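These notes concern the structure reproduced below.
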Amino acid sequence: MTRKTEASLLETVRSLSRESVIVVRGRVKAEGKAPRGYEIIPSQVEVLDRAAQPLPLDPTGKVDAELDTRLDSRFMDLRRPVSLAVFRVESAVMQSLRSYFYESGFLEVCTPKIVATATEGGTALFPISYFEREAFLNQSPQLYKQILMAAGMDRVFEIGPIFRAEEHDTRRHLNEAISVDVEVSFADHNQVMEVRENAVSRAYQFVADRCQRELELLNVDLQVPRVPFRRVTYTEALDLAREAGNTTMKWGDDIDTETERAVGNLVGEHYFLTDWPSSIKPYYTQPYDDRPEVSKGFDLMHPRMELASGAERVHDYNLLVERIKKQGLNPDGFEFYLRAFRYGMPPHAGWGLGLGRVVLTMLNLDNIRDAVLFPRDRRRLVP
RNA sequence: GUCCGGAUAGUGUAGAGGCCUAUCAUGAAGCCCUGUCGAGGCUUCGACCCGGGUUCGACUCCCGGUCCGGGCGCCA
């Protein structure tokens with residue numbers, strides 16, 4: 001290397017701003033003093049793109065940035081290894097879930113996210129303008145998964161977005177989320193609970209095997225939950241919370257945050273909350289034959305929060321119509337859905353799992369926004 | 001929605017009526033030093049969210065707004 005080329009190289013390197021994109025050509029040389037044990041003796045340095053200054057946050061992690069600052073400049077935030085690690089883990093979780101479903105004979109499906117009416121009742125939907133009509137963003141693939149059961153697609157799964165226009169403002173809610181949804185024909189609630197605990201346990205194992213560097217960066221000592229997960233009935237959960245003096249709930253109330261947390265602390269690991277009162281579960285949840293006030297609905301719980309809900313579904317047309325009416329909804333609005341129940345609908349069961357919450361609880365993150373690349377909440381619509 | 005807390009250089013922070021010409025770190029510019037480190041040293045640059053009020057004097061206190069964080073609610 002001549003002195004002249006060395007001088008021009010030095011000038012190029014000296015003039016570089018931090019985070020500029022370059023190509024270095026040169027000889028790789030072992031060097032004990034270098035941080036990674038080798039150095040590149042450059043013969044050519046090419047500047048592909050010069051980074052502007054100052055940077056919106058410090059990508060080396062030397063100086064912290066608040067979540068809001070990080071989300072405003074997510075592209076820069078993700079250059080921090082700890083931030084990127086979360087999404088490497090998320091990708092591994094999705095890979096594990098997909099491979100598990102494919103191995104188990106599931107079909108992956110895509111259901112529409114633009115829907116005609118607020119058919120499911122209850123939760124608030126985002127209205128959108130659809131040519132000359134009003135339409136909505138779907139809050140769940142629920143009805144479409146069930147229609148596919150009538151189509152003979154006996155085992156389906158979907159990983160896709162769901163939208164909820166609720167004005168909640170917490171560390172565990174977003175207005176757009178990714179839902180992992182499963183529906184299985186000729187299965188009851190117990191069988192799909194097994195699918196779910198296996199899916200979650202395998203995802204943990206996959207991450208433990210494949211993401212050691214990420215877990216280390218994130219300072220997570222990952223415990224793979226063992227199957228079967230504990231089953232706790234709604235009634236037992238209430239009793240547990242009462243004994244601990246941590247609830248004011250009555251049987252039939254929806255479980256509040258305080259009770260949920262109390263039971264989570266007592267159980268201390270993933271568990272299923274089963275046998276919910278029929279009155280607080282949606283119309284498509286199958287009641288027990290011998291005690292219709294109790295349903296075959298279940299939630300998958302992490303000690304910190306709910307991860308997923310599911311149920312054996314009502315497959316009898318008449319019962320379904322009756323339950324829709326009982327919940328104060330108009331069956332006319334459900335015609336596209338109810339039609340699928342008239343010409344031979346197998347019994348079926350399924351569930352939906354919040355991907356962000358799985359990652360959040362797996363990595364013990366503080367805020368769901370940390371587990372989503374570009375989160376959408378009450379106030380944040382960009383980036 | 002509601003309650004509590006907060007907003008200071010690009011980023012993260014200290015300061016709680018006059019000690020503020022506002023602290024420290026990081027960063028940027030420059031100089032010096034140096035086979036390795038998040039290198040080091042010195043110099044310089046860069047900030048009090050907005051509007052009103054109280055006061056001789058407001059970054060600091062009061063009122064309103066905006067935005068942020070947390071709890072609860074809502075989340076079939």
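These figures come from a predicted structure and were not determined experimentally. Numbers restart at 1 for each chain; the letters A, B, ... are given by sequence-line order, proteins then strands. Only heavy atoms go into these numbers, but all of them, side chains included; no hydrogens, no water, no symmetry mates.
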Quiz prompt | Presence of A/S140 side-chain N/O under 4.0 Å of B/A76 phosphate oxygens OP1/OP2 | solution = no
Quiz item: Is there a Watson-Crick or G-U wobble partner for B/G17 with both distances under 3.5 Å, and if so, which one is it?
Solution: none
Practice problem: Ignoring backbone atoms, test whether A/R164 places a side-chain nitrogen or oxygen under 4.0 Å from the OP1 or OP2 oxygen of B/A76. | Solution: yes
Quiz item: Reckon A/T285 touches a base, only the sugar-phosphate, or nothing at all at heavy-atom distances under 4.0 Å?
Solution: nothing
Quiz item: Which base, if any, makes a Watson-Crick or G-U wobble pair with B/C48, both distances under 3.5 Å?
Solution: none
Exercise. Would you mind pulling out the nucleotide paired to B/A7, Watson-Crick or G-U wobble, both distances under 3.5 Å?
Key: B/U66
Quiz item: Taking the nucleotide of RNA chain B with the closest heavy atom to each, which residue, A/Q327 or A/S17, is nearer the 5' end?
Solution: A/S17
Exercise. Could you check how far CG of A/L353 sits from P of B/C75, rounded to whole Å?
Key: 21 Å
Quiz item: Looking only at side-chain N and O atoms, does A/R171 come under 4.0 Å of OP1 or OP2 in B/G71?
Solution: yes
Quiz prompt | Sugar-phosphate, base or nothing in reach of A/R70, heavy atoms under 4.0 Å | solution = nothing
Quiz item: What does A/E258 touch in the nucleic acid at a heavy-atom separation under 4.0 angstrom: a base, only the sugar-phosphate, or nothing?
Solution: nothing
Quiz prompt | Opposite nucleotide pairing with B/C72, Watson-Crick or G-U, both atom distances under 3.5 Å | solution = B/G1
Self-check item: Closest nucleotide among B/G12, B/C74, B/A76 to the A/A65 side chain
Solution: B/G12
Quiz item: Across the strands shown, which category fits A/D169 at heavy-atom distances under 4.0 angstrom: base, sugar-phosphate, nothing?
Solution: base
Exercise. Would you indicate, yes or no, if B/G30 has its OP1 or OP2 atom less than 4.0 angstrom from a side-chain nitrogen or oxygen of A/R14?
Key: no
Exercise. Assign A/T69 to base, sugar-phosphate, or nothing according to its heavy-atom contacts below 4.0 angstrom with the strands shown.
Key: sugar-phosphate
Self-check item: Nucleotide B/C49, atom P - distance to CG of A/D72 in whole Å
Solution: 18 Å
Exercise. When you get a sec, tell me which of B/C68, B/G27, B/A25 is the closest nucleotide to the side chain of A/E66?
Key: B/C68
Self-check item: Listed nucleotide nearest any side-chain atom of A/R18, set B/C68, B/C74, B/G27
Solution: B/G27
Self-check item: Identity of whatever pairs with B/C37 - Watson-Crick or G-U, under 3.5 angstrom
Solution: none
Quiz prompt | Complement of B/G30, any strand, by Watson-Crick or G-U distances under 3.5 angstrom | solution = B/C42
Quiz prompt | Nucleotide paired to B/C61 in any strand shown, Watson-Crick or G-U, under 3.5 Å | solution = B/G53
Quiz item: Looking at side-chain heavy atoms only, is the closest gap between A/V207 and A/S96 below 4.5 Å?
Solution: no
Quiz item: Roughly, in whole Å, what's the span from CZ in A/R378 to P in B/G1?
Solution: 6 Å
Quiz prompt | A/T170 side-chain proximity, nearest of B/C75, B/G27, B/G73 | solution = B/G73
Self-check item: Closest nucleotide among B/U26, B/C67, B/C72 to the A/R379 side chain
Solution: B/C67
Practice problem: Would you state whether a donor and an acceptor, one from the side chain of A/Y284 and one from the base of B/A76, lie under 3.5 Å apart? | Solution: yes
Quiz item: Which atom pair, heavy atoms only, marks the closest approach of A/D366 to A/R171?
Solution: O-CD, 3.3 Å
Quiz item: So does A/R242 have more than 12 non-hydrogen atoms from other groups sitting under 6.0 Å from CZ?
Solution: yes
Exercise. Taking the side chain as every heavy atom from C-beta outward, state whether A/M193 and A/T274 have any atom pair closer than 4.5 Å.
Key: yes
Quiz item: Between atom CD in A/E260 and atom C1' in B/G71, what is the gap in whole Å?
Solution: 15 Å
Quiz item: Within 45° of the axis and under 6.0 Å from the centre of the six-membered ring of A/Y288, does NZ or CZ of A/R291 qualify?
Solution: yes
Practice problem: May I ask you to check whether A/Q146 and A/Q142 show a side-chain donor-acceptor distance below 3.5 Å? | Solution: yes
Quiz item: Is there a Watson-Crick or G-U wobble partner for B/U23 with both distances under 3.5 Å, and if so, which one is it?
Solution: none
Quiz item: Which nucleotide in the set B/G10, B/A28, B/A76 lies at the smallest distance from any side-chain heavy atom of A/P54?
Solution: B/G10
Practice problem: Grab the two heavy atoms, one from A/R70 and one from A/D370, that are nearest each other, plus how far apart they are. | Solution: NH2-OD1, 2.9 Å
Quiz item: From the list B/G12, B/G1, B/C72, which nucleotide is the closest neighbour of the side chain of A/D64?
Solution: B/G12
Quiz item: Side-chain N or O of A/N367 less than 4.0 angstrom from OP1 or OP2 on B/G70?
Solution: yes
